[in-house]
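The structure appears below as structure tokens.
All values below were derived from every heavy atom in this structure, side-chain atoms included, with hydrogens, water molecules and symmetry-related copies excluded.
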Amino acid sequence: MNIFSYLKSQLSIQDVVSEYTTLHKAGAYLKSRCPFHHEKTASFTISPDKDIFYCFGCHTGGDVISFIAKVENCSPLEAAQFLAERHSIQLPEDINFSEQTQSQEEKKQHYDVCRTFAQWCHQQLQKHPSVLQHLHDRGIDQNQIDQFTIGFFPGGLASIKQCIHAVKKERFLVDDLMQAHILMQGKSILYSPFEDRIIFPIKDHLGRFCAFGGRVFKPHDTRPKYYNSKESEFFTKGSIVFGLDTAKKSIQERKTVFLVEGYTDCIAMVQHGYPNTVATLGTACTEQHLKLLSRYADYLCILYDSDAAGEQAILRLTKLCWHVNMELRVVHLPTGQDPASFLAAGNCLKSRIEQAQDIFNFFINSLSKDFAIKPLHEKVRKIRSIVETIQSIEDPLKQDILLQNAARTFDVPVESLRRELNQKGPRRPQPNVPSPADTEGQGSESSISNLEKRIFCAIINNMDLLKSQHESYVIEYISSPLKEILQTLQTKKLDGSSFEFANFFDTISEQEKQFVSQLLLEHDESGDSASYGYLVQQLQKKHWKRIVRDITTKLGQAQQKGDLDMVQRILDNFHALKEKIIPRYR
Ligand SMILES: [Zn+2]
């Protein structure tokens with residue numbers, strides 16, 4: 001048994017999936033709105049019986065490992081690791097993660113070095129009361145310092161040496177620290193850009209330490225206020241959301257996520273009773289960030305700095321928000337304030353949240369500022385910008401409501417706006433859903449007949465059917481890729497391995513899993529031997545008709561040429577085939 005089949009024997013797919021979406025019973029299946037694509041009706045289907053899923057909208061399918069790999073955006077092995085940790089599954093000693101590839105080993109090494117460094121800095125902070133006091137003065141209490149593993153990297157060579165010594169105790173080398181961009185080689189000595197900075201470790205959504213943010217705190221320090229780890233294959237700012245690993249659970253419970261601009265705002269929010277808060281890292285919120293958050297939340301509340309840059313960032317979000325299944329609202333803070341300063345001053349955030357504005361109304365209001373006194377070309381530009389944004393919305397009703405809002409605010413007839421919208425044509429961005437035809441491995445799907453699919457499903461639903469008299473015939477004549485999948489199954493049978501569905505499912509590729517999930521959820525084939533016999537007979541009849549048609553054509557051609565030898569050979573061949581195939585369905 002490998003790690004995947006062991007985990008699957010311990011977990012049910014509906015328990016795992018229900019942490020991401022609400023499932024409803026539908027006959028023998030469970031259904032919900034798909035967590036992978038935007039939809040109004042439920043096409044995401046689970047077979048609790050087989051522990052597999054398939055979405056009829058975006059054609060994603062597989063088992064619980066495929067689900068986590070897709071939803072958490074990680075490799076199957078990382079998905080297994082994640083499931084084992086999340087559900088506290090103790091792995092038996094003979095099962096381990098030994099199948100790790102070189103790059104997975106490297107990744108793990110990077111996360112481990114970063115974790116060790118974060119913990120060392122956290123210890124250093126406790127040894128430097130003045131730095132600790134600085135954090136307390138800024139309103140960050142010990143709970144948050146511990147929860148976010150906030151630390152301090154003292155300056156100077158002695159401290160670099162201590163840091164190296166600490167990681168060496170955990171079997172890491174100076175090289176590992178350099179590869180993680182924590183230490184750098186100067187002309188003659190090693191140094192770190194994080195020296196003399198308060199350290200905010202950055203974890204990915206799976207809780208793995210992957211990078212750091214360092215903030216200066218001494219009054220006369222003239223270096224840039226923040227220094228973030230260099231981007232690498234383990235850390236890209238555009239895809240990492242700070243605080244998500246710990247906020248995830250409360251975001252799911254409350255269906256709402258608060259988005260702030262930096263880690264100090266995020267920490268302040270958590271401390272003041274908003275544990276469902278995350279931050280982007282000194283960068284604009286990207287579509288990738290939004291997609292990641294929409295897996296957990298239905299509502300996103302934006303609390304950006306109340307300045308021109310913050311407003312610009314929100315306007316950019318207006319154009320992105322239609323690509324995700326999430327409602328965006330903007331919480332307005334007094335000019336010049338950010339969430340941390342607002343909360344530290346003892347202000348009430350709750351009432352501001354209650355008054356949060358729909359992002360589109362915020363967008364219209366921002367553009368309508370001083371609209372009346374703008375020159376004509378400015379007015380036209382602003383209105384076009386609004387129409388363009390409305391155009392990116394899929395829902396026609398929403399489009400209409402927003403057009404009317406805009407018409408009211410700008411005091412222009414709604415017909416003019418509608419005309420502008422229609423002139424631009426329906427260039428709505430399509431949701432990023434692959435069509436079944438361009439999904440690799442399914443290219444030949446269309447050439448597979450319904451009959452073949454039903455025969456295949458009957459066998460998968462009752463694997464004993466493969467032992468029946470039709471075995472070699474079916475495998476010989478069924479189309480690819482069903483043929484190859486059944487061959488895998490046949491080999492397993494020869495091995496004497498167990499004939500359980502779960503074991504079989506583990507031996508096929510990710511693409512085959514997706515395809516098999518689709519077939520099984522599309523065709524409710526019972527797998528009883530009588531109906532299976534009937535299906536095989538139909539296949540043979542179709543097959544025989546094709547043979548007869550081919551032979552008749554060839555015979556006609558040979559007779560036309562007057563090639564009597566050829567005619568005889570074709571007839572002999574035909575009788576041999578007849579002997580071989582006809583008895584099967586008599
Ligand atoms: Zn889907």
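Enclosure of atom NZ in Lys25 by more than 12 non-hydrogen atoms of other residues, nucleotides or ligands within 6.0 angstrom is indicated. Within a 6.0 Å sphere centred on CE of Met178, heavy atoms belonging to other residues, nucleotides or ligands number more than 12. Other residues, nucleotides and ligands contribute only 12 or fewer heavy atoms inside 6.0 Å of the CZ atom of Arg454. Few gaps surround NZ on Lys50; more than 12 heavy atoms of other groups in view lie less than 6.0 Å from it.
For His289 (side chain) and Thr286 (main-chain N/O), a donor-acceptor pair under 3.5 Å exists by modelled atom type. Between the side chain of Thr488 and the main chain of Glu484, a donor-acceptor pair closer than 3.5 Å is present. A donor-acceptor contact shorter than 3.5 Å is absent between the side chain of Ser229 and the backbone of Ala211. Side chain of Gln399 to main chain of Ile390: a donor-acceptor pair is present (N/O by atom type, distance under 3.5 Å, no hydrogens or angles). Side-chain atoms of Ser239 come within 3.5 Å of backbone atoms of Thr236 as a donor-acceptor pair (strictly under, hydrogens ignored). Remark: the backbone N or O of His205 is not paired with any side-chain donor or acceptor of Asp245 at under 3.5 angstrom. Distance alone, capped at 3.5 Å, is enough to place a donor-acceptor pair between the Glu512 side chain and the Ser509 backbone. Looking only at distances, no side-chain donor or acceptor of Ser88 sits under 3.5 Å from a matching main-chain atom of Ala84. A donor-acceptor contact shorter than 3.5 Å links the side chain of Glu452 to the backbone of Ser449.
Counting only heavy atoms from C-beta outward, the side chains of Ile460 and Leu519 never approach each other to under 4.5 Å. Using a 4.5 Å heavy-atom threshold, the side chains of Met326 and Leu293 count as touching. The shortest side-chain heavy-atom distance between Tyr473 and Glu476 does not fall under the 4.5 Å cut-off. At a threshold of 4.5 Å between non-hydrogen side-chain atoms, the residues Leu539 and Ile455 count as touching. Using a 4.5 Å cut-off on side-chain heavy atoms (C-beta onward), Ile46 and Asp51 make no contact. Proximity of Ile68 to Val71: side-chain heavy atoms (C-beta onward) are separated by under 4.5 Å at one or more points. Between Thr256 and Asp298 the shortest side-chain heavy-atom distance does not fall below 4.5 Å. You'll find the side chain of Leu320 stays beyond 4.5 Å of the side chain of Arg316, heavy atoms only.
Between the CZ atom of Phe4 and the OG atom of Ser66 there is a distance of 9.5 Å, given to the nearest 0.5 Å. Going from atom CG of Leu482 over to atom CG of Leu489 covers 12.0 Å, rounded to the nearest 0.5 Å. Annotation: the span from Leu91 atom CG to Leu7 atom CG amounts to 6.0 Å, rounded to 0.5 Å. Rounding to the nearest 0.5 Å gives a distance of 12.5 Å between NZ of Lys453 and CD of Glu525.
Remark: Ser294 pairs with no residue by the side chain to side chain donor-acceptor pair (under 3.5 Å) rule, at least two apart or across chains.
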**Q.** Test log, rule side-chain hydrogen bond (donor to acceptor under 3.5 Å, both in side chains), inputs Gln514 and Thr60
**A.** CA-CA 6 Å; Gln514 186 160 316; Thr60 311; 5.5 Å; no

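Glu253 and Ser250 share no donor-acceptor pair across their side chains, judged by distance under 3.5 Å alone. A donor-acceptor contact under 3.5 angstrom links the side chains of Asp528 and Ser526, judged on distance only.
Between Phe36 and Phe53, the two ring planes are tilted [angle within 30° to 60°]. The aromatic rings of Tyr54 and Phe56 sit perpendicular to each other, their planes meeting at more than 60°, with 30° as the lower class boundary.
A salt bridge is absent between Asp550 and Arg546; no separation between the charged side-chain nitrogens and carboxylate oxygens falls under 4.0 Å. Taking the charged nitrogens against the carboxylate oxygens, Glu78 and Arg208 do have a contact shorter than 4.0 Å, which makes a salt bridge. Ion pair Asp112/Arg115 flagged as a salt bridge, since at least one NZ, NE, NH1 or NH2 atom sits closer than 4.0 Å to an Asp/Glu carboxylate oxygen.
Checking each of Phe242, Phe117, Phe235, Phe234 against Phe212 for a ring pair (Phe, Tyr, Trp, His ring centres under 6.0 Å) leaves exactly one that passes, namely Phe117.
Closest approach of Leu281 to Lys237, counting heavy atoms only: O-CD, 3.6 Å.
Under the 6.0 Å cut-off for aromatic ring centres, Phe456 and His523 do not qualify, their centroids lying 6.0 Å or more apart. A centroid separation of 6.0 Å or more is found between the aromatic rings of Trp544 and Tyr477. Aromatic ring centres of Phe44 and Tyr20: separated by at least 6.0 Å.
The salt bridge (charged side-chain N to carboxylate O under 4.0 Å, His left out) analysis of residues 6-23, with sequence neighbours excluded, yields the pairs Lys8-Asp63, Lys8-Asp506, Glu19-Arg86.
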